[in-house]
Amino acid sequence: MLKPFTYQPFTIEEEIMHHLMLQSFSLKRNGLLYGKLGIAIAFFEWGRRCNNRVYTDFATELNKDLPARIDERVTCDFATGLCGFGWGVEYMVQQRFADCNRICEEIDQRVMAVDIRRMNNFSLESGLEGFLHYILIRLAGTGSQNKNVMPFDDLYLKDTYNRLQSLPEELISNNLHRLKQAFISCMDAGSSDYKPDICSFTNDLELNGKEDILSAKPGLADGLAGKIIRMVHHLSGHKYGLS
């Protein structure tokens with residue numbers, strides 16, 4: 001005799017993930033903070049945490065929908081542009097979610113074409129802080145893989161070093177100050193305490209029920225993907241690194 005079917009309601013995490021599955025491929029943005037890349041990382045993180053290939057396979061398919069080459073029209077900013085996109089790709093490589101960092105070599109060249117000596121915007125979204133996150137994660141990846149070829153040439157690294165040394169301390173944020181120290185340490189001592197922390201780009205989204213999930217934005221910085229990342233890191237007892 002068959003046992004009667006017992007309805008098992010979705011957990012809040014399952015509600016979020018299924019809602020993101022329905023939304024993801026129709027998104028126009030591809031970037032880290034507000035687009036498909038950040039959502040793909042959330043699926044990789046949650047799938048690994050739950051040991052559930054449904055989520056990691058979905059993340060792999062979502063990755064295939066991302067551009068394989070950079071568009072010359074895309075800016076280098078972190079919020080919606082190449083620095084954020086490259087940071088996310090390098091993060092996936094370092095976490096062994098994917099092997100797709102060739103695109104970062106193109107991004108390196110675009111980043112070096114920006115004159116960092118004259119950059120007076122210090123923000124994460126569109127300025128120096130975002131550039132430093134990208135530079136540092138690329139340098140960290142090079143060090144961890146024991147590569148002899150640096151992602152940036154000596155002149156660019158020297159220009160970055162000099163620009164950071166000239167920053168007026170009273171005008172920069174605590175985050176930018178820590179990134180500055182990490183870069184200078186990397187150049188002076190050959191080591192850095194920069195730890196790529198995806199959670200530092202998220203907001204603590206409050207969800208009180210299914211209606212909140214349905215009305216929430218999908219992204220990493222402002223929505224459901226960021227909520228999933230925070231859940232993963234909370235369950236893992238993650239200690240935030242330098243951000």
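Sequence positions, counted from 1, serve as the residue numbers for this chain.
The distance from the CZ atom of Arg29 to the OG1 atom of Thr80 is 6.5 Å, given to the nearest 0.5 Å. Note that OH of Tyr91 and CD1 of Ile137 are 8.5 Å apart. Values are rounded to the nearest 0.5 Å. Separating the CZ atom in Phe44 from the CZ atom in Arg48 is a distance of 9.0 Å, to the nearest 0.5 Å. How far CG of Asp222 is from CZ of Phe201: 14.5 Å, rounded to the nearest 0.5 Å. To the nearest 0.5 angstrom, Ile172 atom CD1 is 8.5 Å from Leu128 atom CG. Atom CD1 of residue Ile198 and atom CD1 of residue Ile41 lie 4.0 Å apart, to the nearest 0.5 angstrom.
Asn51 CG: 12 or fewer foreign heavy atoms inside a 6.0 Å radius. Remark: Asp154 CG is loosely packed, at most 12 non-hydrogen atoms of other residues, nucleotides or ligands lying under 6.0 Å away. The environment of CD in Glu206 is sparse: at most 12 heavy-atom neighbours from other residues, nucleotides or ligands sit within 6.0 Å.
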Inset, instruction - Report the C-alpha distance between Val89 and Leu66 in whole Å, list the side-chain angles of each, state the deciding distance to 0.1 Å, and finish with yes or no for side chain to side chain contact (heavy atoms under 4.5 Å, CB included). - result: CA-CA 11 Å; Val89 170; Leu66 295 170; over 6 Å; no
Inset, instruction - Using the side chain to side chain contact (heavy atoms under 4.5 Å, CB included) rule, take Lys180 and Glu129 through it: C-alpha gap first, then chi angles, then the decisive distance, then the call. - result: CA-CA 9 Å; Lys180 167 187 169 180; Glu129 186 176 330; over 6 Å; no
Legend entry - Stepwise side chain to side chain contact (heavy atoms under 4.5 Å, CB included) test for Met21 and His18: CA-CA 5 Å; Met21 282 180 168; His18 290 168; 4.2 Å; yes
Inset, instruction - Could you give me the CA-CA distance, side-chain angles and deciding distance for Lys227 and Thr202, then say whether side chain to side chain contact (heavy atoms under 4.5 Å, CB included) is met? - result: CA-CA 7 Å; Lys227 183 69 173 180; Thr202 67; over 6 Å; no
Inset, instruction - Go through Ser123 and Asn121 one step at a time and tell me if the side-chain hydrogen bond (donor to acceptor under 3.5 Å, both in side chains) criterion holds. - result: CA-CA 6 Å; Ser123 71; Asn121 180 340; 2.9 Å; yes
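The existence of a salt bridge linking Lys64 and Glu61 is confirmed by a sub-4.0 Å separation between a basic side-chain nitrogen and an acidic carboxylate oxygen. Contact check on Lys195 versus Asp197 returns no salt bridge, with no Lys/Arg side-chain nitrogen under 4.0 Å from an Asp/Glu carboxylate oxygen.
Looking at Ile39 and Pro218, their side chains come closer than 4.5 Å, going by heavy atoms from C-beta outward. Looking at Phe58 and Phe25, their side chains come closer than 4.5 Å, going by heavy atoms from C-beta outward. For the pair Leu157 and Met187, the minimum side-chain heavy-atom distance is below 4.5 Å. Annotation: side chain of His19 is not in contact with side chain of Lys210 (no heavy-atom distance under 4.5 Å).
Contact record, Ala216 with Leu224: CB-CD2, 3.7 Å, taken as the closest heavy-atom pair.
Partner Phe131 forms a side chain to side chain contact (heavy atoms under 4.5 Å, CB included) with one of Val111, Thr160, Asp77, Leu82 and no other, that one being Val111.
Ring geometry, Tyr55 versus Phe43: the interplanar angle falls from 30° to 60°, so the pair is classed tilted. The aromatic rings of Trp87 and Phe78 stand perpendicular to each other, their planes meeting at an angle above 60°, with 30° marking the opposite boundary.
Judged by distance alone, with hydrogens and angles left aside, the side-chain atoms of Asn30 form no donor-acceptor pair with the main-chain N or O of Lys36 at under 3.5 Å. Distance alone, capped at 3.5 Å, is enough to place a donor-acceptor pair between the Thr56 side chain and the Arg53 backbone.
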